[in-house]
Trainee: 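Sending over a structure as structure tokens; questions will come in a sec.
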Amino acid sequence: MLRDGHNRVVNYLRVSVTERCNFRCQYCMPDKPFSWVPRENLLSLEELFLFIKAAMDEGINKVRITGGEPLLREGLDQFVAMIYNHNPDVDLALTTNGYLLKQTAQRLKDAGLKRLNISLDSLKPEVARQIAQKDVLKDVLAGIEEALRVGLKVKINMVPLKGINDGEIVDIMNYCKARGIEVRFIEYMENAMANDAIKGLLGKEILEKVKEQYVIKKLGREGSSPSFSYLLEDGYKFGLIDPHKHDFCETCNRIRLTAEGYLIPCLYFDEAMSIKDAVQAGDVPKAVEVLKAVLRDKPKENRWSDEANETSSRAFYETGG
Ligand code: SAM
Ligand code: SF4
């Protein structure tokens, strides 16, 4: 079992397989030019897997593949199969913008993927275009339907933004309710790469919008999940991810690996250590040593807060959110 320096059990690894993306979301990488990390700087999927395998043997039992847009990485279904075949019981999930899901969902399911989180910020084509800076809605919705058709367990992520999509919080919830899938509202996390003009809604503001239409009951955080669960009177459950709250980090169980091989202990901070040399030399014990060193120094909590206007300099497209 892996523990960090604050005695929290760490059993969840998020792996970014690419920082490339086919969207340019206002809250993530609105101005990112197409000058990507050179391919030779990336770890191969086999090298990433070498580390994941070692981490699973040390106690990681939940792996989420993310990005950038993970569906852009060639060979992703084989990568999913490598992880699944090493341990079919691993909770194997992927976060995607959904744009390429229509043509990939079946292969991912067949490879052993269990769960998908799909980002859906608007049901209005022009608002979706404004956020992603591309005409995306039709393909994203088709991707969601296909993921459901092939039997993947789907959750929807929405980031409510002031004056842009905050009028659609209940609409997105109703869309999810109609399909029996959970929506998770995510507070916008201020970061240096985002559009300066973007303002997110705090968790309490998101809940106010829901309360305009529904009576809600507070449930609680599920285990180590950063998502706080709420229940509607008809039994529908939804989640709120509210990193501006101070209790958010108390049960943090996760560590992040970037496509370049950096292990990142906390989404907010710049600190990172590389496992690249170790895995490229096939030195698995050394990579595990780096993992343990990163965990020893994992920060106690992030610095986003309701009161202070704190901005992280860490790019979401590198860490995978
Ligand atoms: N491209 C995929 C996607 O959009 O789902 C995966 C990577 S994306 C970085 C992972 C998640 O982070 C998405 O749900 C996205 O909405 C969220 N995200 C990105 N930037 C964010 C920010 N500044 N604040 C809150 N959530 C953010
Ligand atoms: Fe791409 Fe996801 Fe970032 Fe949007 S949030 S730009 S889809 S990585």
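For ligands, and for the atoms within them, numbers begin at 1 and follow the listed sequence.
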Trainee: N/O/S of C21 less than 2.8 Å from atom 3 (Fe) of ligand 2?
Mentor: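 For C21, the answer is no, given that no N, O or S atom comes within less than 2.8 Å of atom 3 (Fe) of ligand 2.
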Trainee: As an exercise, identify every atom of ligand 1 less than 4.0 angstrom from a heavy atom of N191.
Mentor: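 That gives atoms 23 (N) of ligand 1.
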Trainee: Any heavy atom of G68 sitting closer than 4.0 Å to ligand 2?
Mentor: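 True for this residue.
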Trainee: Check whether any side-chain heavy atom of Y230 sits under 4.5 Å from a side-chain heavy atom of K237, and report yes or no.
Mentor: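 A side-chain contact is absent here, since even the closest heavy-atom pair is not under 4.5 Å.
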Trainee: Using a strict 4.0 Å cut-off to heavy atoms of N157, name the atoms of ligand 1 that fall inside it.
Mentor: 14 (O)
Trainee: Specify side chain, backbone, both or neither for D121, according to which of its non-hydrogen atoms lie closer than 4.0 Å to ligand 1.
Mentor: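 It is neither; nothing of D121 touches ligand 1.
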Trainee: Output side-chain donor-acceptor pairs under 3.5 Å for residues 128-138, partner residues at least two apart or in another chain, one line each.
Mentor:
{"from": "Q133", "atom 1": "NE2", "to": "R24", "atom 2": "O", "distance (Å)": "2.7"}
{"from": "Q133", "atom 1": "NE2", "to": "P30", "atom 2": "O", "distance (Å)": "3.1"}
{"from": "K134", "atom 1": "NZ", "to": "N22", "atom 2": "O", "distance (Å)": "3.2"}

Trainee: Before signing off on this row, confirm whether T66 and ligand 1 have an N or O atom pair separated by under 3.5 Å.
Mentor: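 In fact, backbone or side chain, T66 has no N or O that close.
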Trainee: Are a donor atom and an acceptor atom from the side chains of Y27 and D121 found within less than 3.5 Å of each other?
Mentor: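 There is such a pair between these side chains.
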Trainee: Answer yes or no for C25: is there an N/O/S atom below the 2.8 Å cut-off from atom 4 (Fe) of ligand 2?
Mentor: yes
Trainee: Tell me if a side-chain donor or acceptor on D242 pairs with a main-chain N or O of H244 at a distance below 3.5 Å.
Mentor: no
Trainee: Once you round to the nearest 0.5 Å, how far does CG of L207 lie from CZ of F185?
Mentor: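 Reported to 0.5 Å precision, the distance equals 9.0 Å.
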Trainee: Does an N or O from S119, backbone or side chain, lie closer than 3.5 Å to an N or O of ligand 1?
Mentor: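 It does: an N or O of S119 is found under 3.5 Å from an N or O of ligand 1.
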Trainee: Pick one of side chain, backbone, both or neither for how E187 approaches ligand 1, counting any non-hydrogen atom pair under 4.0 Å.
Mentor: backbone
Trainee: Is it the case that ligand 1 has an N or O less than 3.5 angstrom from some N or O of P70?
Mentor: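 The answer is no, given that P70 and ligand 1 share no N or O pair closer than 3.5 Å.
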Trainee: Can you sort out which atoms of ligand 2 are near Y27, meaning under 4.0 Å from one of its heavy atoms?
Mentor: 5 (S)
Trainee: In this structure, are over 12 heavy atoms from other groups packed under 6.0 Å from K162 atom NZ?
Mentor: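 Yes.
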Trainee: I need the contact type for V159 against ligand 1. Using non-hydrogen atoms and a strict under-4.0 Å cut-off, is it side chain, backbone, both or neither?
Mentor: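 For V159, the contact with ligand 1 is made by the side chain alone.
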Trainee: Ligand 1 and C28, any nitrogen or oxygen pair closer than 3.5 angstrom?
Mentor: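 No, since none of the N or O atoms of C28 sits under 3.5 Å from an N or O of ligand 1.
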Trainee: Any chain of hydrophobic side-chain contacts (each under 4.5 Å) joining Y236 to V154?
Mentor: yes
Trainee: Taking distance alone, with no angle check, do T95 and ligand 1 share an N/O pair under 3.5 Å?
Mentor: no
Trainee: Could you say whether the N/O atoms of Y27 and ligand 1 ever approach to under 3.5 Å?
Mentor: yes
Trainee: Any chain of hydrophobic side-chain contacts (each under 4.5 Å) joining L231 to F228?
Mentor: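 Different clusters.
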Trainee: For residues 54-65, tabulate all N or O donor-acceptor pairs below 3.5 Å that involve a side-chain atom, not counting sequence neighbours.
Mentor:
{"from": "D57", "atom 1": "OD1", "to": "H86", "atom 2": "NE2", "distance (Å)": "3.0"}
{"from": "E58", "atom 1": "OE1", "to": "K292", "atom 2": "NZ", "distance (Å)": "3.2"}
{"from": "N61", "atom 1": "OD1", "to": "N11", "atom 2": "ND2", "distance (Å)": "3.2"}
{"from": "R64", "atom 1": "NE", "to": "Y12", "atom 2": "OH", "distance (Å)": "3.0"}
{"from": "R64", "atom 1": "NH1", "to": "L94", "atom 2": "O", "distance (Å)": "3.3"}
{"from": "R64", "atom 1": "NH1", "to": "T95", "atom 2": "OG1", "distance (Å)": "3.0"}

